[in-house]
Amino acid sequence: MADCEIGVVGLGTMGAALALNIADKGFPVAVWNRSPGRVDDLMSRAGDLGDRIVPAATPAALVAALRRPRAILLMVPAGPAVDDQIAALRPLLDPGDVILDGGNANFHDTDRRAAGAGDIAILGVGVSGGEEGARHGPSIMAGGPRPAWDRVAPVLTAIAARHQGEPCAAWLGNGGAGHFVKTVHNGIEYADMQMIAEAYGLMRDGLGMAAGEIGAVFDRWNTGILRSYLVEITAKVAGTVDAASGGPLLDVIVDAAGQKGTGRWTAIEAQHLAAPVPVIEAAVAARNLSARRGERAAGQAAFGPGPRPVAAGALPPDRLERALIAGKVLCYAQGFGMIAAAGAAFGDPLPLPTVARIWRAGCIIRSAMLDEMAAALAEDPARSLMLAPRFADMLRGSHDDLRQVVSLAALHGISVPALSAGLAYFDAMRTARGTANLIQAQRDFFGLHGFARLDDGSAGQHGPWAGDG
Ligand code: 6PG
């Protein structure tokens, strides 16, 4: 039987959920996993869907079960395992067959794999939404040869999340475009999470609020402009009671955040592109810093007392909400700005409105605001989101709150690196005459690098200090 629409290799949490999702949407799917126990496990969980799932005992059996041109979705850990799997499948495939990498690959790896794929095609597919999303509707960001996308688009659009009926799956460009966009998605995810954590810190340490009370505030925020998956789960997390201690679960969780690298890649690529994403960079740095628990404890012992309470009434939750709104707008302006910069640098513009559209449902950063961002980017993809009328208005109504919150945090020893970076970015981006004239003069002084003059527009000018450096 060679009539399966697609094969799935790797039946970990995400792979198994995607295989079930594919079968659920009516497509026969062949599955293979290195350790057969996972295949058995999937089949035992599949119920009626098992009729559309073909378990394969070997990669060759998987390939034999697929219709041509074949399509195989790899759901194996990013890195060398992907290369190994491609190498193992390669001799079994024919020209025109497609391998999809659904992991969180570094887009440079995807570019390299695509370039070396010969007559088969590699599609780099960013999949967001965790296990729940994979099973019932993820956001899918694809890149690679367009004909390969056309081969798999019916399956990928069928399994994707839907926003008002529109599938959150799209082809975004050649090579590693899909994985690049997924990387930036994750950078924004880090920043969104960090800013939410900073708001939590202000309420916990500044206002002395209990986790349950904080959860109720997030719950309320989730009915307004900040409505989003991350705010929703924050409310749920903050309200969760620990069975062992009887207190809030949050209070017994170690304050050191893990990371698998995608946020860091966003910061690294932003630097390569000279695209300013300071909120994301601050969020990545904050995760790194969170891991240094011993050093933080030593710092508190040396320089205590750490965060200090804020006077009652000085920090109304509404103000904090507006500060978070400002931070979020600024963060997304940076993230989309980075995607635009990448398109320009790679000579292959990335479709910003489409990116915003496929982030509206299914993915971790899905939010009400993304709907408005999609509309703003559709009007003018080249304009910074900060300047789109809807978001400019939002910033006019919230940037002063961001300033108040960041000031208050600074005065009370409460660390808010991402919100602070957002404020600094905002102030820099509304300063027509900055201070880099001094940097240029210094560069010219010690290195004769030259500067341009404001008055006559001439470039390559030097100061009278030539020779002093
Ligand atoms: C998603 C997520 C997911 C990511 C986790 C953990 O879009 O579904 O981004 O792909 O793996 O969020 O990432 P970190 O371990 O780096 O926090």
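What you see is a predicted model; the values in this text were computed from it and never measured. Each ligand, and each atom within it, is numbered from 1 in the order the structure gives.
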### Message
Run the salt bridge (Lys or Arg N to Asp or Glu O under 4.0 Å) test against R90 and tell me which residues pass, sequence neighbours left out.
### Response
D119
### Task
Scan residues 353-375 for pairs that pass ring pair (Phe, Tyr, Trp, His ring centres under 6.0 Å), counting only residues two or more places apart or in two chains.
H185-W359, F336-W359
### Query
With a cut-off of under 6.0 Å to the ring centre and 45° to the axis, is R52 in cation-pi contact with F27?
no
Where does ligand 1 get N/O contacts under 3.5 Å from the protein, atom by atom?
| residue | atom | partner | partner atom | Å |
| --- | --- | --- | --- | --- |
| ligand 1 | 7 (O) | S128 | OG | 2.4 |
| ligand 1 | 7 (O) | K182 | NZ | 3.1 |
| ligand 1 | 8 (O) | S128 | OG | 3.4 |
| ligand 1 | 8 (O) | G129 | N | 2.9 |
| ligand 1 | 8 (O) | G130 | N | 3.4 |
| ligand 1 | 9 (O) | K182 | NZ | 3.3 |
| ligand 1 | 9 (O) | N186 | OD1 | 3.0 |
| ligand 1 | 9 (O) | N186 | ND2 | 3.0 |
| ligand 1 | 9 (O) | E189 | OE1 | 2.6 |
| ligand 1 | 9 (O) | E189 | OE2 | 3.3 |
| ligand 1 | 10 (O) | N104 | ND2 | 2.8 |
| ligand 1 | 10 (O) | K182 | NZ | 2.8 |
| ligand 1 | 11 (O) | N104 | ND2 | 3.2 |
| ligand 1 | 12 (O) | E189 | OE2 | 2.6 |
| ligand 1 | 15 (O) | K260 | N | 3.3 |
| ligand 1 | 15 (O) | K260 | NZ | 3.1 |
| ligand 1 | 16 (O) | Y190 | OH | 2.5 |
| ligand 1 | 16 (O) | K260 | N | 2.8 |
| ligand 1 | 17 (O) | R287 | NH1 | 2.7 |

### Task
Hey, can you tell me if F346 and F180 have their rings parallel, tilted or perpendicular (30° and 60° cut-offs)?
perpendicular
### Message
Once salt bridge (charged side-chain N to carboxylate O under 4.0 Å, His left out) is applied, what residue pairs with a partner in residues 242-263 remain, sequence neighbours excluded?
### Response
D255-R293, D255-R296
### Task
Check the pair Q85, D101 against side chain to side chain donor-acceptor pair (under 3.5 Å), reporting the backbone distance first and the verdict last.
CA-CA 10 Å; Q85 207 54 69; D101 175 9; over 6 Å; no
